[in-house]
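Worksheet: the structure to be examined is printed underneath.
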There are 2 protein chains.
Amino acid sequence: MREKKYHHGDLKNALIKAGIEILSQEGISALSLRKVATKAGVSHAAPYSHFKDKQDLIASISSEGFNRIYEKLISRIKDISDDYPEIKLKEAALAYLEFALTDSDHFRITFSGIIEKDKEKYPEYIKSSLRCFTLVKNLVEECQQKGILEKCPLDEMTVAIWSLVHGFVSLLIDREFSHNLFEKETQQELLIKLLNKITLKEIK
Amino acid sequence: MREKKYHHGDLKNALIKAGIEILSQEGISALSLRKVATKAGVSHAAPYSHFKDKQDLIASISSEGFNRIYEKLISRIKDISDDYPEIKLKEAALAYLEFALTDSDHFRITFSGIIEKDKEKYPEYIKSSLRCFTLVKNLVEECQQKGILEKCPLDEMTVAIWSLVHGFVSLLIDREFSHNLFEKETQQELLIKLLNKITLKEIK
DNA sequence: ATCTAATCTTGACAATGTCAAGATTTTTTA
DNA sequence: TAAAAAATCTTGACATTGTCAAGATTAGAT
């Protein structure tokens, strides 16, 4: 009777996964608790055994967002030599852009799905986001040591790099840049040009 | 009978204003059509005489968001001499930050309240956002002409500046920066430091 | 084997977005 | 100026959704 057992087995993760699927297929406005439950094959109130409320599920989906960004960055830079930290930085930025373009609603909910004031209630979320920030920080530190980036307080430069990339990507997926701008160049090329406005040596 | 007339007179704007008030007092999650209607003193379905649906009201609230940002920037830089475009740029960035911090939910909904795909349906929104972009572009152009910013394609540098400021401000109101970071310096000071990573001459 | 806690279902309720029908007011037109 | 048309607003209804309470079922501990 493996097909019809009462317990799901791993419903919590199934719900998170179902939510992320809905985000990618139908967008944020279609993300309802009941639809997530149906997609996971359980009744409409089943999620309440694993999540306090909808906000709690969104917190988990957001944490998973940071985890996926982290994994994507790691797998993109893991084979790059430490001799070229600027290439790591470039590839990390491109991976960030790629995630935002591919999973735009997941990206969006990851950054503003949780009410700012309630963030302390979700330690797992804070942990996931901090891990991403630390990863970027390490990249920036490498770049500073090899003269790619100016030597200023590490947190300061990290915030500069992250803000530039995050701002560009956010404005891009929100379509704040006119369509006819940047006809010829791709979004990837433009992002690298922006990065080069901060770096001391050119990233190609 | 001025007190009890059937027609409101300017209900459309009253609804937009009521919506913005709710955003500032109770946040995005509390923004419902019915509450907006009640706040404006009309019945729950009255908004449908002026807006196609909730999304349409949000589009108007978002347009007004860009208008307020525009006005805020203008009034902040209008008295600054053309001899100091870097000060204009600095004050504009600070005004942007101030709006985001003061009206964070209005800021948030302005940038991602409208479904990206549907943006073409709201020409008023596009017009308002373009006006802001153009304002920033003019500032950037002045800075390039006076040697404050590198001379590259204007749109490219505008996107760089806007992305940096917007990214920082967005991450800030989403509390993505750890609390204990940047204890000593204010957010304003930090923003200026970030800008200085792009400018050729130091902005103080 | 029994007890306890975890997990899931069913049923209910209030809030919300939306529409249809109709009332009231304003504007147009003849 | 009077009738017709359009705009504005209300009331009532319905489906969707978040949430909770009560109870059924299962898993794990004693």
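Every chain is numbered from 1 and lettered A, B, ... according to where its sequence line falls, protein lines coming before strand lines.
Contacts with DNA chain C (heavy atom under 4.0 Å) in residues 13-23 of chain A: none are found.
Checking B:Ser43 against A:Ala30, the closest nucleotide of DNA chain D that is more toward the 5' end is the one next to B:Ser43.
In this structure, CD1 on B:Ile173 lies 8.0 Å from CG on B:Asp105, to the nearest 0.5 angstrom.
No more than 12 heavy atoms of other residues, nucleotides or ligands lie within 6.0 Å of OH in A:Tyr84, so this atom counts as exposed by the packing criterion. Within 6.0 Å of NZ in B:Lys17 there are 12 or fewer heavy atoms belonging to other residues, nucleotides or ligands.
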Trace of the ring-ring contact (aromatic ring centres under 6.0 Å, His included) decision for B:Phe111 with B:Phe107
CA-CA 7 Å; B:Phe111 281 96; B:Phe107 178 84; 4.9 Å; yes

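Protein atom CD1 of B:Ile58 is 9 Å distant from nucleotide atom P of C:dG17, rounded to whole Å. As rounded to whole Å, 14 Å separates atom P of D:dA27 from atom CG of A:Leu11. Atom CZ of B:Phe51 and atom P of D:dT8 are 12 Å apart (whole Å). For the pair A:Asp10 CG and D:dA27 P, the interatomic distance rounds to 15 Å; values are reported in whole Å.
Look at A:Ser49 and you won't find any side-chain N or O under 4.0 angstrom from OP1 or OP2 of C:dT7.
A cation-pi geometry, defined here as NZ or CZ lying under 6.0 Å from the six-membered ring centre and within 45° of its normal, does not hold between A:Lys72 and A:Tyr96.
Ring pair A:Phe177/B:Trp162 is perpendicular by interplanar angle, where above 60° counts as perpendicular and below 30° as parallel.
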Distances for protein N or O near nucleotides 18-21 of chain D N or O, under 3.5 Å:
| from | atom 1 | to | atom 2 | distance (Å) |
| --- | --- | --- | --- | --- |
| D:dG18 | OP1 | A:Leu33 | N | 3.2 |
| D:dG18 | OP1 | A:Lys54 | NZ | 3.0 |
| D:dG18 | OP2 | A:Leu33 | N | 2.7 |
| D:dG18 | OP2 | A:Arg34 | N | 3.3 |
| D:dG18 | N7 | A:Arg34 | NH1 | 2.7 |
| D:dG18 | O6 | A:Arg34 | NH1 | 2.8 |
| D:dT19 | OP2 | A:Tyr48 | OH | 3.1 |
| D:dT19 | OP2 | A:Lys54 | N | 2.9 |
| D:dT19 | O5' | A:Tyr48 | OH | 3.2 |
| D:dT19 | O4 | A:Arg34 | NH1 | 3.2 |

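With respect to the salt-bridge test (charged N to carboxylate O, under 4.0 angstrom), the residues A:Asp174 and A:Arg108 qualify.
Inter-residue side-chain proximity for B:Gln25 and B:Lys39 is flagged as met; some heavy-atom pair is nearer than 4.5 Å.
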